[in-house]
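This report concerns only the one structure given below.
Chain letters run A, B, ... following the sequence lines, proteins first, then strands; residues in each count from 1. Every heavy atom of this structure was used, including side-chain atoms; hydrogens, water molecules and symmetry mates were not.
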Amino acid sequence: MSTVDQKILDGLFRDIVKFRSSSQTSLVTLHAIIKGVESLECDDDMFPAQIKEVCSIITNSQPRMFPIDNLIILLEKELEKNDYFREKGLTVMKSATIEIIEDLIERLKFDLRELANQGHEHIDDGDFIVLHAVEEPVELLLPEARKMGKEFEVLILRQESVKTDRVIKIMEKNNIKFTVIPEWDLIHHFDKATKLFIGAYAITADGKFVSDSGTSNIVSECHIHQLPIYLFSPILEITSTISDDQNIFLKEEPKYASGIDYTLISHSCDLVSLDLVDHIITDKGEINQSKLNEYCID
Amino acid sequence: MEHVVHHSSALIPILVFLVVYAAITFELVNKAAAALTGVGVLVVLHVITEHQAVGFIDFETLMLLTGMMILVTIIKHSGFFTIVSVKIAEFTKGSPVKILVLFSVVTALMSAFLDNVTTVLIIIPIIIELTRGMGLNPKNYVLSQAIISNVGGTATLIGDPPNVIIGSKIGLTFNQFIINLAPIVIIVFIVVLGFIWFTNRAEFKPINTSMVKLVSIELLLEKIRFEFSNVKLDRSLMIKSLACLILAILLFITQTITGLAPGVVALGMAMVLLIISNANVEHVLEEVEWSTLLFFTGLFILVGALEEYGMIDWIAHNVFMNVGDNPYVIVLMVLWVSGIASGFLDNIPFTITMIPIVELMLESNPIPNNILWWALALGACFGGNITMIGSSANIVSVGIAKKYGVDISFIDFMKKGLVITIISLILASVYLMIYLRLSL
């Protein structure tokens with residue numbers, strides 16, 4: 001596996017999740033794999049190695065990204081079960097692989113529809129919901145709830161402009177009333193806010209969840225002020241791996257300010273304890289933290 | 001016949017001109033400020049009067065430039081250029097050769113019919129994102145687009161400032177430019193692309209043998225689509241502005257029938273577009289490069305003053321016309337001197353200075369079919385590729401690349417630019433020699 005290829009793909013994942021939820025990023029990745037399979041030109045015996053390389057790069061990404069990580073595990077299991085269709089030639093290998101990926105896409109789409117259905121029940125007329133990043137509640141739930149005629153407003157916490165601009169755009173497109181404030185201004189809005197909605201990149205086996213940068217602060221503040229916290233996540237985002245194994249990326253950037261050179265250190269995502277979350281909503285309904293391991297894929 | 005400078009006071013305009021030229025070349029002060037300060041000195045010292053100064057300005061050139069700048073600004077606001085760039089990025093599917101060829105074709109066409117600074121401002125960021133995202137070195141792609149923008153701009157009257165100046169001052173039409181220059185520009189474009197590919201062929205390997213690269217490019221295109229398509233599209237504005245641009249080009253082409261000068265057409269269509277688009281005139285005018293227009297104004301006056309005092313006549317007879325009256329030698333000399341000088345000096349003041357010199361040369365050696373003007377245009381435009389300061393498009397390209405973390409040094413640019421310019425000038429020489437042979 002090439003380190004350069006790994007770095008390129010890691011960087012792309014980190015960029016795309018700034019404007020898409022991890023679920024949508026996974027769908028985009030699956031479609032990218034299909035296009036890759038279609039365009040690939042190689043000897044028949046090289047095809048399994050090429051697929052394995054892609055799978056390995058995706059499951060080793062920094063940070064690990066779910067549900068694609070779990071979907072790749074399912075893809076590999078299915079391919080191994082059929083010995084990568086080795087005997088049947090490149091054309092059949094390609095079409096059989098694409099068929100499996102298309103099934104996985106359908107499965108994820110179904111799960112996301114189910115998550116949206118489950119999520120509606122937790123949105124009430126008159127809600128003033130706090131949001132901060134492009135996650136499943138923003139992309140999926142709230143637009144659906146609005147289409148169903150629910151009357152609610154959202155409070156968008158401004159963070160990185162790429163993320164916030166995208167959240168604003170989605171709200172505007174779906175005619176959802178919104179107010180934008182800097183993240184640090186949240187303290188002045190607890191009298192009106194009714195819920196905090198968040199998403200995750202992964203829910204880990206040791207009772208934590210990996211999510212967009214800035215989530216930890218907001219969750220902690222909301223928890224202290226007893227604002228109900230809802231985590232929306234498809235089951236496919238639950239992993240049997242622990243938080244230390246999530247390959248969280250550490251970025252070091254040289255900076256310059258007021259005549260001083262310094263290094264800015266930042267992590268690609270946050271790790272938050274599930275103990276701070278009041279409700280974990282999945283496509284299978286609300287689940288209890290203690291029963292998470294029942295839903296692990298591997 | 002001996003040619004002398006008419007007055008001893010000619011020393012002042014010469015001195016002012018040289019100081020301004022040095023200030024521009026070494027970027028000591030803003031170009032417009034340098035040129036207009038020079039004009040101010042000449043007026044204050046009564047070398048020329050303010051009425052003479054105004055008389056030296058070529059308003060036709062200024063109208064053409066202002067009109068095109070307004071048209072381009074409004075088209076840019078419609079989101080058209082961004083859409084085109086993203087579509088091309090998608091069309092390349094990450095193939096390094098396709099990236100080079102397709103972007104080069106678009107850059108050349110946009111540079112020919114719009115202006116090359118706008119072209120590189122749009123193309124360079126997307127090509128850096130695309131190539132860097134694929135693990136390729138963006139440097140060669142940036143250099144190639146800067147160079148191609150200068151080559152493409154050479155093909156038309158409106159493509160490059162030297163052509164705008166020559167066309168407006170001499171009265172050459174849009175069609176004359178395209179008929180006489182496009183054939184050699186197309187040849188140079190193909191040869192230059194071939195050269196860039198050949199010298200970097202290791203970087204242009206196909207990616208469809210690597211599944212990881214194919215997946216990466218799809219994800220990269222997703223990212224580019226988001227980043228660059230985030231601009232607000234205004235379809236109505238896009239239709240109106242493109243219609244005005246197409247109409248302007250049609251009026252350029254039919255200049256001999258309508259009798260409308262390019263400057264009148266460009267400014268006229270810009271005004272029509274400003275009215276029908278309901279664009280915020282203040283915002284549009286803010287984006288017009290007033291500094292460039294004032295720079296042109298100042299230079300016209302400085303060169304006018306030199307002409308007034310007989311300096312141009314002196315340079316023409318004592319420098320350029322000393323080579324004899326062989327038309328082949330004269331054409332080659334104008335081409336190569338323009339080419340080399342434009343690489344190290346700004347080609348705008350150079351062209352403005354050369355126009356009266358070429359006019360005088362034509363008086364004593366009438367060379368048919370405007371071949372000497374084509375030699376000046378080809379030399380001034382192609383020569384801009386020698387160094388990174390040779391043309392505005394080069395300076396802007398290197399500047400954007402730096403902003404994106406791609407450092408291109410003077411030497412980096414010159415290593416490629418010099419060879420490409422020599423190739424371009426050799427091809428142009430052959431073309432002009434054949435053309436001259438057929439014309440005599």
Rounded to the nearest 0.5 Å, the OG atom of B/Ser210 sits from the CE atom of A/Met46 at a distance of 10.0 Å
Considering only heavy atoms, give the residues of residues 16-23 of chain A separated from chain B by less than 4.5 Å, sorted numerically, with 'none' for an empty result.
A/Ile16, A/Phe19, A/Arg20
Tell me, yes or no, whether the heavy-atom count around A/Glu172 atom CD, taken from other residues, nucleotides or ligands under 6.0 Å, exceeds 12.
no
Derivation of the side-chain contact (heavy atoms from CB on, under 4.5 Å) call for A/Phe13 and B/Leu219:
CA-CA 8 Å; A/Phe13 273 148; B/Leu219 293 176; 4.2 Å; yes
Is A/Arg158 atom CZ crowded by more than 12 heavy atoms from other residues, nucleotides or ligands, each under 6.0 Å away?
no
Which answer fits A/Phe47, side chain, backbone, both or neither, if we ask what part of it has an atom under 4.5 Å from a heavy atom of chain B?
neither
Straight-line distance of B/Met211 CE to A/Lys52 NZ, nearest 0.5 Å:
14.0 Å
About how many Å separate CD1 of A/Ile8 and CG of B/Leu136, when rounded to the nearest 0.5 Å?
8.0 Å
Please output the residues of residues 26-43 of chain A in contact with chain B, using a heavy-atom cutoff of under 4.5 Å, in numerical order.
A/Val28, A/Thr29, A/Ala32, A/Ile33, A/Lys35, A/Gly36, A/Val37, A/Ser39, A/Leu40, A/Glu41
Could you tell me if the side chain of A/Asp15 sits less than 4.5 Å from the side chain of B/Phe226, heavy atoms only?
no
Taking everything shown except B/Phe198 itself, do over 12 heavy atoms lie less than 6.0 Å from its CZ?
no
If we only count heavy atoms from C-beta on, is the B/Ser216 to A/Asp5 side-chain gap below 4.5 Å?
no
Heavy-atom count check: over 12 atoms from other residues, nucleotides or ligands less than 6.0 Å from B/Phe410 CZ?
yes
More than 12 heavy atoms of other residues, nucleotides or ligands under 6.0 Å from CD of B/Glu282: yes or no?
no
